[in-house]
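Let me begin by presenting the structure, written as structure tokens, before commenting on it.
Values reported hereafter were calculated over all heavy atoms of this structure, with side chains retained and with hydrogens, waters and symmetry mates removed. We name chains A, B, ... by the order of the sequence lines, and we start the count at 1 in each one.
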2 protein chains.
Amino acid sequence: MLDPVSRVRRFNRAVTSAVGALDTSFLGRGRPLGAARVLNAIGHGRADVGDIRDYLGLDSGLMSRLLRSLEDEGLIETTAHADDARRRIARLTAAGKCEFNAYEAISNRQAKDFLGHHSQRDALLAAMDLIASALGRDGTALDEMDPRSDAARYCLGEYYAELARRFKQGFDVKLSRDPDAKDMVRPRGSFIVAMSDGLPLGCVGLTGTSDEFAEIKRLWVAPAARGLGLGRRLMDAAEKAARELGITVLRLDTNSALAEAGQLYRRTGWTEIPRFNDDPYPNLFFEKRL
Amino acid sequence: MLDPVSRVRRFNRAVTSAVGALDTSFLGRGRPLGAARVLNAIGHGRADVGDIRDYLGLDSGLMSRLLRSLEDEGLIETTAHADDARRRIARLTAAGKCEFNAYEAISNRQAKDFLGHHSQRDALLAAMDLIASALGRDGTALDEMDPRSDAARYCLGEYYAELARRFKQGFDVKLSRDPDAKDMVRPRGSFIVAMSDGLPLGCVGLTGTSDEFAEIKRLWVAPAARGLGLGRRLMDAAEKAARELGITVLRLDTNSALAEAGQLYRRTGWTEIPRFNDDPYPNLFFEKRL
DNA sequence: GCATATATCTGACTTTAGTCAGATATCACG
DNA sequence: CGTGATATCTGACTAAAGTCAGATATATGC
């Protein structure tokens with residue numbers, strides 16, 4: 001009764017029956033599940049027919065028929081792709097948007113109901129993030145984005161909050177050498193965010209101080225995504241960006257309180273070097289030649 | 001991106017696609033999913049055909065045909081119910097057991113693989129327990145059982161471990177007035193365990209010290225199941241058992257370090273009374289007249 | 001014993017999902 | 001322009017799931 005495999009299987013059973021209920025709730029609008037899934041994919045911004053087909057794993061014949069039935073209902077319209085007339089682009093009509101909103105309302109209400117009665121709301125959400133990240137491991141994409149974007153600012157906020165928790169003396173961004181956001185944008189640097197299905201799970205910044213040197217800053221991985229190798233993937237992506245920018249030597253500073261980070265650096269070819277700045281927070285300094 | 005509803009929906013998406021993969025893995029044995037589900041339900045101990053039908057939500061015609069196909073394959077045999085010849089009882093044949101084991105092996109392997117690569121194994125299992133408990137809220141059954149049974153002993157072990165963590169001075173069962181297990185069995189007392197799909201989620205003991213007095217002991221709820229009202233359900237069940245035993249006054253002792261428990265007692269009609277024993281651990285004493 | 005309810009079975013049917021072999025239009029490239 | 005690749009569509013098909021109206025046998029209560 002304690003054995004891990006039984007616990008996973010208990011979870012599977014619980015979730016399988018919940019998913020069944022979730023599916024059937026989508027049948028309440030007089031449309032088979034397949035058509036509803038296509039409508040929702042389009043509503044969520046997927047326009048390219050081939051893309052939808054891949055995403056939903058449908059045969060091209062079946063896809064074609066489902067599109068036709070939605071078109072007959074007046075919910076979508078398709079046009080040829082501007083650059084490639086073989087490809088088709090689907091868009092919701094006004095009626096389609098209305099119908100899509102009805103499906104969204106069902107989903108939102110279910111999600112809300114699920115959370116509603118629980119006094120353990122936060123723990124439950126954290127558990128869901130953890131499991132979704134573990135399940136969707138391969139679906140996590142690393143996107144280079146502006147450090148002032150919402151996703152990036154969210155990551156940085158979480159990162160600072162974590163430093164404040166983990167440093168004995170706390171953490172105040174203003175006392176640290178905070179790189180200006182525009183230094184972490186090409187051509188001087190880069191900022192990379194790991195996104196999984198809309199949720200930011202981690203980030204890393206690269207800021208070029210001279211033509212050859214650059215610094216890695218702000219490496220952070222969400223608690224829900226730790227242990228999945230995301231930190232390493234982010235560092236690899238940052239190194240790749242550095243190479244593209246012609247950087248030959250990378251540096252970073254960190255604190256021994258962040259043990260996982262230190263381990264990661266040591267395991268991936270970084271070597272410890274003497275202090276190279278007077279920031280009050282770091283006490284460990286690393287370098288890597290590309 | 002932080003909003004709870006989106007996080008729940010992200011979880012739903014992740015889990016829906018995982019469940020899809022889980023389903024298709026069951027098709028690898030040349031049998032449609034429906035038949036495989038029936039075979040597995042029987043293998044897991046469901047024998048009554050009507051019960052299986054309810055559990056899987058199948059139409060009686062469909063159910064009949066699925067049973068027939070499994071019978072034709074030689075995997076099950078059906079007999080009439082001993083007390084009611086209209087009802088049918090299904091049982092696996094030797095070949096059926098073999099086939100069922102093959103399905104079990106698939107499930108076990110998947111569960112194992114899922115856990116395999118994760119460095120966050122324990123956190124993941126805890127998250128799965130939490131979510132399965134939250135989803136299966138209504139599936140939690142309170143069973144009266146022997147306090148020496150495996151499930152009961154598991155609960156007690158967890159309970160003691162938790163006391164040891166939460167009491168500043170630690171906890172040693174031997175120093176406490178440990179009621180003899182046989183005092184928590186009818187007709188002198190009772191022991192109730194909350195079981196959800198094979199996992200014990202909580203317990204409570206009732207031990208009669210005289211004809212009219214009895215004590216509530218060992219109330220525990222698994223961390224994964226807190227916030228779902230299980231403590232209250234357990235206490236209600238214990239009170240019901242006490243009434244059945246003719247008890248008119250219930251007592252219990254607890255410690256102020258266990259704040260949730262104290263709150264529960266106060267909210268459910270218990271009144272604080274002076275110390276009534278010399279156990280070193282408790283510092284709060286309650287009574288309730290039935 | 002008889003009327004009614006219940007559990008299962010049978011046959012005839014529909015819907016949904018999925019497969020596959022071409023047909024058609026368009027693109028990319030020499 | 002012609003050739004081969006690509007994206008979508010069409011028609012013909014199958015398998016699985018699900019529905020429904022009786023048929024059959026057994027149980028229950030008067």
Side-chain angles (χ1 to χ4, degrees), chain A residues 16-17 19-42 46-73 76-91, chain B residues 16-17 19-42 46-73 76-91:
Chain A
T16 303
S17 65
V19 164
L22 219 141
D23 272 3
T24 56
S25 76
F26 264 46
L27 296 174
R29 301 195 62 78
R31 198 170 292 109
L33 193 58
R37 293 209 302 157
V38 171
L39 182 68
N40 278 287
I42 297 171
R46 289 178 199 267
D48 197 293
V49 168
D51 176 36
I52 299 171
R53 218 172 41 211
D54 287 349
Y55 173 63
L56 297 176
L58 299 174
D59 171 85
S60 75
L62 183 50
M63 178 74 200
S64 187
R65 259 176 280 268
L66 291 173
L67 275 180
R68 194 77 356 92
S69 80
L70 289 171
E71 229 165 6
D72 290 350
E73 278 194 272
I76 63 165
E77 47 191 17
T78 59
T79 52
H81 189 284
D83 299 338
D84 182 346
R86 290 170 305 182
R87 283 154 68 185
R88 309 235 88 203
I89 298 300
R91 236 201 349 267
Chain B
T16 304
S17 65
V19 165
L22 219 139
D23 273 3
T24 56
S25 74
F26 265 45
L27 296 174
R29 301 196 62 77
R31 197 169 291 111
L33 192 57
R37 294 210 301 157
V38 171
L39 182 67
N40 278 285
I42 297 170
R46 288 177 200 268
D48 195 295
V49 168
D51 176 37
I52 300 170
R53 217 170 43 211
D54 287 349
Y55 173 64
L56 298 176
L58 298 174
D59 171 85
S60 75
L62 183 51
M63 177 74 201
S64 188
R65 258 176 281 267
L66 291 173
L67 275 180
R68 195 76 355 93
S69 81
L70 290 170
E71 229 165 7
D72 290 351
E73 278 194 273
I76 64 165
E77 47 193 16
T78 61
T79 52
H81 189 284
D83 299 339
D84 183 344
R86 290 171 305 180
R87 284 153 68 185
R88 309 234 89 203
I89 299 298
R91 234 200 353 267

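Per the geometry, CZ belonging to B:R87 stands 12 Å off C1' belonging to D:dT26, to the nearest Å. We find that CG of B:L33 is positioned 11 Å from P of D:dA16, with the value rounded to whole Å. Look at CG on A:L56: it is 16 Å from C1' on C:dT16, rounded to the nearest Å. Separating the NE2 atom of B:H81 from the P atom of C:dT8 is a distance of 10 Å, rounded to the nearest angstrom. Atom CG in A:D83 sits roughly 9 Å away from atom P in C:dC27 (whole-Å rounding). B:R53 has its CZ atom 18 Å from the P atom of D:dA17, to the nearest Å. Regarding A:R31, its CZ atom lies at a distance of 17 Å from the P atom of C:dT15, rounded to whole Å.
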Report all side-chain donor-acceptor pairs from residues 50-68 of chain B shorter than 3.5 Å, counting only partners two or more places apart or in another chain.
residue: B:D59; atom: OD2; partner: B:G61; partner atom: N; Å: 2.7
residue: B:D59; atom: OD2; partner: B:L62; partner atom: N; Å: 3.3
residue: B:R68; atom: NE; partner: B:E71; partner atom: OE1; Å: 3.4

Side-chain atoms of residues 82-89 of chain A: list all donor-acceptor pairs with protein atoms under 3.5 Å, sequence neighbours left out, distances to 0.1 Å.
residue: A:D84; atom: OD1; partner: A:R86; partner atom: N; Å: 3.0
residue: A:D84; atom: OD1; partner: A:R86; partner atom: NE; Å: 3.1
residue: A:D84; atom: OD2; partner: A:R86; partner atom: NH2; Å: 2.9
residue: A:R87; atom: NE; partner: A:D48; partner atom: OD2; Å: 3.2
residue: A:R87; atom: NH2; partner: A:D48; partner atom: OD2; Å: 3.1
residue: A:R88; atom: NH1; partner: A:T78; partner atom: OG1; Å: 3.0

Less than 3.5 Å apart, which donor and acceptor atoms pair up between the side chains of residues 35-42 of chain A and the rest of the protein, not counting sequence neighbours?
residue: A:N40; atom: ND2; partner: A:A36; partner atom: O; Å: 2.8

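Sorted by residue number, the list of members of residues 34-42 of chain A with any non-hydrogen atom under 4.0 Å from DNA chain D is empty. Less than 4.0 Å separates DNA chain C from no heavy atom of any residue of residues 21-28 of chain B.
A:T24 OG1 to A:L33 CG: the interatomic distance, rounded to the nearest 0.5 Å, is 9.5 Å.
Identified under the salt bridge (charged side-chain N to carboxylate O under 4.0 Å, His left out) test for residues 25-34 of chain B, with sequence neighbours left out: B:R29-B:E99, B:R31-B:E73, B:R31-B:E99.
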Anything under 3.5 Å between a protein N or O and an N or O of nucleotides 9-12 of chain C, put it in a table, one pair a line.
residue: C:dC9; atom: OP1; partner: B:R68; partner atom: NH2; Å: 3.2
residue: C:dC9; atom: OP2; partner: B:S64; partner atom: OG; Å: 3.2
residue: C:dC9; atom: O5'; partner: B:S64; partner atom: OG; Å: 3.2
residue: C:dT10; atom: OP2; partner: B:R68; partner atom: NH1; Å: 2.5
residue: C:dG11; atom: N7; partner: B:R65; partner atom: NH1; Å: 3.0
residue: C:dG11; atom: O6; partner: B:R65; partner atom: NH2; Å: 2.7
residue: C:dA12; atom: N6; partner: B:R65; partner atom: NH2; Å: 3.4

Nucleotides 3-6 of chain C: which of its N/O atoms have a protein N/O under 3.5 Å away?
residue: C:dT6; atom: O4'; partner: B:R86; partner atom: NH1; Å: 3.3
residue: C:dT6; atom: O2; partner: B:R86; partner atom: NH1; Å: 3.0

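Nearest-nucleotide mapping onto DNA chain C: of A:A85 and A:L58, the residue sitting toward the 5' end is A:L58.
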